[in-house]
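For reference, the structure is listed below as structure tokens.
The analysis underlying the following values was restricted to heavy atoms, covering all of them including side chains, and did not include hydrogens, waters or symmetry mates.
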Protein chains: 2
Amino acid sequence: MQTSSTRDRIVAAASRLIRRQGYTGTGVKQIAKEADATLGSVYHFFPGGKEALAVAALEHGREQFAGLLRAALDGEDDPAAAVDACACLLARELRASDWTDGCPVTAAALETLGPGNPIQRACADALYSWRNLIADKLLDCGLPDAEARDLAATVVHTLEGAQATAQVTRSEEPLLLAGRHLSRLVASYT
Amino acid sequence: MQTSSTRDRIVAAASRLIRRQGYTGTGVKQIAKEADATLGSVYHFFPGGKEALAVAALEHGREQFAGLLRAALDGEDDPAAAVDACACLLARELRASDWTDGCPVTAAALETLGPGNPIQRACADALYSWRNLIADKLLDCGLPDAEARDLAATVVHTLEGAQATAQVTRSEEPLLLAGRHLSRLVASYT
DNA sequence: CGCCCACTGGAACGAACGCTCTACCCACCT
DNA sequence: AGGTGGGTAGAGCGTTCGTTCCAGTGGGCG
């Protein structure tokens with residue numbers, strides 16, 4: 001039955017649960033059960049305990065989300081259209097998951113604040129890499145260097161916030177609006 | 001010593017702690033200690049338990065945050081400047097609290113998803129009331145009705161996302177950028 | 001005065017938490 | 001055949017969780 005390694009299943013399950021319930025809201029035993037693994041396996045692969053597992057799970061989420069963004073960006077040539085495509089894709093995915101699978105790091109980020117926290121650092125890494133993904137696309141489309149990086153940051157922030165609101169209100173509207181407005185904003189710089 | 005009622009102190013403490021640590025990350029005993037109250041008092045005022053207390057705390061946070069937005073909006077006549085003022089004020093408050101006091105509902109919202117959840121509903125109420133606050137200001141400034149409401153939604157989402165990123169990266173930059181871009185977006189509709 | 005009742009204080013409950021520990025299985029070595 | 005070690009399995013540690021319960025306490029009213 002199991003096609004992937006135990007370690008991979010544990011990380012994937014942790015990522016899925018943390019995204020939906022946050023860090024403190026997710027128990028190690030629950031992760032083990034969801035991954036069809038046992039507690040012994042979890043602590044064998046992650047001697048660092050829950051925190052180390054969470055960091056690995058957040059890195060997993062970062063790459064998964066980056067893949068989604070890349071897919072949306074690659075389909076468009078115009079920068080404004082590319083940004084809108086991201087919003088539309090996120091809206092579709094969110095609805096498909098019954099509004100449960102939002103940003104894989106936000107929930108964990110806000111409840112583990114504090115300087116030097118490894119979990120917070122993993123979340124910051126993820127946000128930074130997504131911003132670079134958008135920035136590279138804008139640069140490829142010919143936007144000025146200085147503005148592309150700033151714009152990319154705001155694009156990520158807006159998608160983040162709109163996605164959270166979409167989850168809470170169980171509606172695609174926030175993300176679709178964000179796409180429209182962001183694409184207008186980007187177009188105003190071309 | 002105590003200048004306010006026990007109930008008020010409990011709600012304020014709950015709001016403060018939930019904002020920083022999320023819902024599951026905050027214990028009832030911790031709330032009682034922070035409020036200089038006892039467990040008996042907490043369950044006396046909130047027979048509904050932790051969940052009912054959280055709903056009251058989120059409503060408290062909603063009003064507090066609304067006051068902040070009103071203060072920023074009232075100081076400006078131009079809609080674009082008003083939106084930027086919100087971002088700047090949030091950045092200042094966030095830095096003053098050492099990046100701990102962000103949005104009072106986001107952290108709780110994302111870890112309590114699920115249809116019919118009272119906590120999620122309280123969060124949705126808060127987002128909706130903030131959106132209306134912004135929308136009223138934009139309408140007062142003469143923006144067309146249809147666009148004002150949509151714009152207000154995106155303003156709230158972007159501030160929300162930028163604030164979260166600012167907390168995680170411990171930097172004002174995300175909020176200041178958001179202010180600049182939002183104000184440009186609003187100006188493009190006048 | 002005696003009664004009442006909103007409120008306080010904290011002990012105690014079962015459940016769940018993160019984590020440790022030992023026993024065990026089995027594919028692979030010499 | 002006998003050993004080796006990565007991986008599995010789960011009982012159980014001490015702690016904390018949300019909640020319940022009850023014995024006070026003190027100001028207002030008859």
* Asked: For A:Gly40, which contact category applies under a 4.0 Å heavy-atom criterion: base, sugar-phosphate, or nothing?
  -> base
* To do: Would you tell me whether B:Thr106 and B:Glu160 have side-chain atoms, one donor and one acceptor, within less than 3.5 Å of each other?
  => yes
* **Sole candidate of B:Gln64, B:Glu63, B:Arg62 that passes side chain to side chain donor-acceptor pair (under 3.5 Å) when paired with B:His60** => B:Gln64
* Asked: Rounded to the nearest Å, what distance is computed from the CG atom of residue B:Leu53 to the C1' atom of nucleotide D:dT19?
  -> 13 Å
* Asked: If you check every side-chain atom of A:Thr38, which of C:dT8, D:dG10, D:dG18 has the closest atom?
  -> D:dG10
* Reckon A:Ser41 has a side-chain N or O less than 4.0 Å from the OP1 or OP2 of D:dT8? -> yes
* For the pair made of CD1 in A:Ile10 and P in D:dA9, what is the distance, rounded to whole Å? -> 11 Å
* Aromatic B:Tyr23 / basic B:Lys50 pairing, under 6.0 angstrom, 45° off normal -> yes
* Indicate, with a heavy-atom threshold strictly under 4.0 Å, whether A:Thr26 touches base, sugar-phosphate, or nothing. => sugar-phosphate
* Structure fact -> Here the distance between atom C1' of C:dG18 and atom CD1 of A:Ile18, to the nearest Å, is 14 Å
* To do: Determine the contact category for B:Tyr43: base if any of its heavy atoms lies under 4.0 Å from a base atom, sugar-phosphate if only primed atoms, P, OP1 or OP2 are that close, otherwise nothing.
  => base
* To do: Figure out the NZ/C1' separation between A:Lys29 and D:dC17, and round it to whole Å.
  => 13 Å
* Find which nucleotide of DNA chain D each of A:Leu39 and A:His44 is nearest to by heavy atoms, and output the residue with the more 5' nucleotide. => A:His44
* Is it true that a side-chain atom of B:Trp99 and a backbone atom of A:Gly114 form a donor plus acceptor pair closer than 3.5 Å? -> no
* Can you tell me if the side-chain N/O atoms of B:Thr6 get under 4.0 Å from OP1 or OP2 in C:dT8? -> yes
* Can you establish whether the number of heavy atoms outside B:Tyr189 located under 6.0 Å from its atom OH is more than 12? => yes
* Asked: Rounded to the Å, how far apart are A:Glu51 CD and C:dC19 P?
  -> 9 Å
* To do: Choose from C:dC7, D:dT19, D:dT8 the nucleotide whose nearest atom is closest to any side-chain atom of B:Phe45.
  => C:dC7
* **B:Gln30 CD to D:dG18 P, straight-line distance once rounded to whole Å** => 9 Å
